2 protein chains.
Amino acid sequence: MSIYHDKRPTIKDIAAASGYSKTAVSFAFNAPSRISVEAREKILGCALTLGYVPDPMARNLSLKRYKSIGFLLPQVIGNTLRNPHITGVLQGIGTVCQEHGYTLTLIPPVDGSMSEAVRGAAVDGLITMGMSVEMKIVDMMKLRKLPYVTIDGTPSEGMPSVNINEVEAAYLIMREVLKAGHQSIVIIALNKDSFEAADKSMNVPTLRLKGYHKALREAGIDPQGEEVAHLVCDTTLEEGRRMGQIVYAMERRPTAVVSMSDIVAIGAILHFHESGLLVPDDMSVVGFDDIPEASFITPRLTTIRQSSVEKGTLAAQALFRAINGEEIESNRMELSFTIQERESLKKLVS
Amino acid sequence: MSIYHDKRPTIKDIAAASGYSKTAVSFAFNAPSRISVEAREKILGCALTLGYVPDPMARNLSLKRYKSIGFLLPQVIGNTLRNPHITGVLQGIGTVCQEHGYTLTLIPPVDGSMSEAVRGAAVDGLITMGMSVEMKIVDMMKLRKLPYVTIDGTPSEGMPSVNINEVEAAYLIMREVLKAGHQSIVIIALNKDSFEAADKSMNVPTLRLKGYHKALREAGIDPQGEEVAHLVCDTTLEEGRRMGQIVYAMERRPTAVVSMSDIVAIGAILHFHESGLLVPDDMSVVGFDDIPEASFITPRLTTIRQSSVEKGTLAAQALFRAINGEEIESNRMELSFTIQERESLKKLVS
DNA sequence: CTGAAAGCGCTTACAG
DNA sequence: CTGAAAGCGCTTACAG
């Protein structure tokens with residue numbers, strides 16, 4: 001046996017050693033004012049000598065709380081943490097957790113099942129990101145009476161959510177692209193498979209598509225016509241590269257790539273560079289999110305700026321309110337966004 | 001009261017409702033073969049109707065385990081998650097956790113205290129990253145008999161660690177810079193204050209500095225002489241920008257920046273660009289880590305390539321071995337690194 | 001196959 | 001100020 005499995009002293013041992021009761025020992029740590037100074041000193045002294053640390057688990061069971069917030073990992077854990085938009089959200093959540101003295105538990109699927117993961121999660125509340133709003137999960141959260149909030153997800157009955165106006169944002173950036181004179185466009189959507197929403201018409205990729213298409217139609221372009229191509233991929237840099245390759249190889253190569261995600265847009269740009277295609281001269285690219293990397297890449301990316309950190313912050317604050325039994329005033333929190341114009345979109349007309 | 005605080009059915013309720021004992025209910029979920037099919041069906045049926053989910057906390061207390069690994073956040077949670085090297089490590093750890101059916105708990109300081117955080121952490125083991133190896137934390141981990149592993153930390157007695165040969169890596173990249181003909185150099189070190197190690201001579205910034213200086217001396221340059229400047233900062237993009245500004249404003253501006261961290265190097269490059277200083281023509285910059293962004297930036301960064309993901313993986317695997325009571329064969333795991341030559345280092349001589 | 005009972009290590013209302 | 005005792009919701013060795 002390793003040293004780790006030696007027995008640790010318990011409250012009982014300290015009670016015995018100090019000559020006081022378990023109650024007194026507990027008070028010594030949690031309510032010093034309820035016992036005499038003498039008792040406290042003696043008890044803390046014993047605790048120190050015997051190396052006693054109250055067991056957090058037992059404490060939590062008595063107190064019926066976990067002191068931790070859970071974050072459901074939308075996809076493979078690798079992809080999740082590789083996406084700066086998501087780590088931004090995590091920053092926001094984490095900061096709020098820290099303020100509340102909570103930890104932040106990242107919850108991967110158990111045997112591939114998200115709802116199994118929720119079933120066993122040792123947390124006081126959950127935050128999900130869009131992709132993982134399958135009904136089974138929601139059912140499990142309700143069963144366990146766990147408060148939850150979703151980010152970038154499908155707003156629905158009893159599912160508090162933090163979003164931006166996806167349709168409008170997508171509409172505006174596509175309009176920018178069209179105003180610049182582009183007529184042949186490829187849209188790179190996010191994989192809808194990961195967004196198992198109850199109402200398919202309300203998930204993020206669908207909403208953004210709606211916005212894109214609206215702008216196209218306004219410009220007299222048929223979204224289903226041959227001026228517009230549609231691609232779909234996961235939200236990773238590698239997938240972005242692959243998309244770049246596909247676009248590069250198209251026989252009727254478009255003049256602009258409109259991506260639902262910066263990281264994918266950046267991947268595409270990297271591939272274009274490697275293939276000798278100049279961005280934006282030969283190919284314009286716009287993204288969505290405005291992750292920090294959007295301003296590292298050359299050319300800097302024109303994109304929709306939204307604050308991932310703030311999304312996380314808002315979601316976490318709402319969750320803590322729910323955990324504390326406060327009524328949530330509104331079920332739907334909407335953040336603002338702006339268009340961040342940079343250099344990756346070429347003006348074909350002026 | 002909100003709906004969340006309604007009482008959930010317990011094992012007792014299911015026992016009563018089904019007419020079986022608590023033992024039987026427990027078996028129905030955890031050891032189906034130990035009861036009759038009839039009993040199981042009846043019990044699971046009741047559980048379904050009453051909406052029963054076994055309480056993970058109570059289960060964990062009985063089983064004396066948490067099913068979670070803790071990651072101590074080295075700095076402010078924001079800075080941590082904004083550093084791709086660290087999120088890379090987290091990816092590695094997370095993937096191993098997922099395989100073991102564990103969650104990954106991010107542990108921020110409690111009231112500014114790391115050891116208070118460790119004291120109350122609901123985890124089976126801990127992983128720290130260099131910066132947080134103050135003795136108080138180690139004492140607390142020992143007190144709680146929590147297995148732990150450190151990454152990029154100070155290898156020391158009874159502290160399993162995952163590292164690369166920091167001195168050698170730093171030595172090699174500085175030698176590269178010198179071979180390229182640079183004679184006036186600024187070193188940007190990581191903030192040592194965050195690396196509260198027992199043995200100050202062994203922490204990461206010190207080791208890297210040692211390597212840098214060794215190469216300088218070999219080239220006949222006095223590290224303390226006026227050809228070499230030293231700066232120190234936190235590991236963030238903003239700090240990198242600030243460093244860039246300081247370097248830009250130096251009256252005897254050096255020809256090369258040698259940074260202990262890619263993210264800082266990138267920040268500096270961004271500032272140089274904005275100030276009209278061309279990299280690498282007017283200023284060479286090399287980094288350390290090879291984060292993905294190192295190949296986004298223009299020019300792409302020459303740096304030390306080390307696998308952050310693999311660091312996380314190794315650390316987590318070692319930790320699980322310790323948790324399972326296996327002897328750890330070696331206390332010190334060393335990963336390889338390579339020099340990744342790209343375009344940010346200009347050859348002044350050939 | 002089944003169940004009564006002890007145990008995990010704490011907290012806390014209650015009585016003294 | 002102090003402590004005996006019940007309780008948090010599970011697991012499991014043991015006896016039948």
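Throughout, a chain's letter reflects where its sequence line sits, starting with A, and its residues are numbered from 1. Nothing here was measured: the structure is a model prediction, and the numbers come from that model.
- Atom CE of A:Met57 and atom C1' of D:dG9 are 13 Å apart (whole Å).
- Within the 4.0 angstrom heavy-atom criterion, base atoms lie near B:Ile11.
- Here the side chain of A:Thr95 pairs a donor or acceptor atom with the backbone of A:Gln91 at under 3.5 angstrom.
- OP1 or OP2 of D:dT11 sits under 4.0 Å from a side-chain N or O of B:Arg59.
- Other residues, nucleotides and ligands contribute only 12 or fewer heavy atoms inside 6.0 Å of the NZ atom of A:Lys42.
- What separates CG of A:Asn60 from C1' of D:dC10 is a distance of 15 Å, to the nearest Å.
- Using N1 to N3 plus N6-O4 or O6-N4 for Watson-Crick, or N1-O2 and O6-N3 for G-U wobble, each under 3.5 Å, C:dA13 pairs with nothing.
- Nucleotide C:dC8 holds its C1' atom 12 Å from the CZ atom of A:Arg8, rounded to whole Å.
- Among the atoms of the strands shown, only primed sugar atoms or phosphate atoms (P, OP1, OP2) are found under 4.0 Å from some heavy atom of B:Ala39.
- The nucleotide whose nearest atom lies closest to any side-chain atom of A:Tyr52 is, among C:dC1, C:dC14, C:dC10, C:dC10.
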#### Entry: Working for side chain to side chain donor-acceptor pair (under 3.5 Å), residues A:Thr103 and B:Thr105
CA-CA 7 Å; A:Thr103 58; B:Thr105 302; 5.1 Å; no

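- No donor-acceptor pair closer than 3.5 Å links the side chain of A:Asp111 to the backbone N or O of A:Ser113.
- If you check distances only, the side chain of A:Thr23 does reach the base of C:dT12 with a donor-acceptor pair under 3.5 Å.
- Here the C1' atom of nucleotide D:dT12 and the CD1 atom of B:Ile35 are 14 Å apart, to the nearest Å.
- Below the 3.5 angstrom threshold, one finds no donor paired with an acceptor across the side chain of A:Ser26 and the base of C:dT11.
- As judged by a 4.0 angstrom heavy-atom cut-off over every strand, B:Tyr20 is placed among residues touching the sugar-phosphate backbone only.
- Pair assignment for D:dA4: none, as no Watson-Crick or G-U wobble contacts are both less than 3.5 Å.
- With D:dT12, C:dG3, D:dC10 as the choices, the nucleotide that has an atom nearest any side-chain atom of B:Leu63 turns out to be D:dT12.
- Per the geometry, CZ belonging to B:Arg40 stands 11 Å off P belonging to C:dC1, to the nearest Å.
- Between A:Asn30 and C:dT11 there is a side-chain polar atom (N or O) within less than 4.0 angstrom of OP1 or OP2.
- Rounded to a whole Å, the CZ atom of A:Phe29 is 9 Å from the P atom of C:dT11.
- As a whole-Å value, the separation of A:Lys22 NZ from C:dC14 C1' is 16 Å.
- For B:Lys64, a side-chain nitrogen or oxygen approaches OP1 or OP2 of C:dG9 to under 4.0 Å.
- Nucleotide C:dT11 holds its C1' atom 15 Å from the CD1 atom of A:Ile43, rounded to whole Å.
- A parallel orientation is assigned to the rings of B:His100 and B:Phe320, their planes being inclined by less than 30° (bins at 30° and 60°).
- Spacing between D:dT12 and D:dG16 at atom C1', rounded to whole Å, works out to 16 Å.
- Here A:Lys12 lies out of heavy-atom contact (under 4.0 Å) with every strand.
- Note that the CG atom of A:Asn203 and the CG atom of A:Asp152 stand 11.5 Å from one another [nearest 0.5 Å].
- Distance from the side chain of B:Leu61 is smallest for C:dC8 among the nucleotides C:dC8, C:dC10, D:dG3.
- The side chain of A:Ser62 approaches C:dC10 more closely than any other nucleotide in the set C:dC10, C:dG3, D:dG9.
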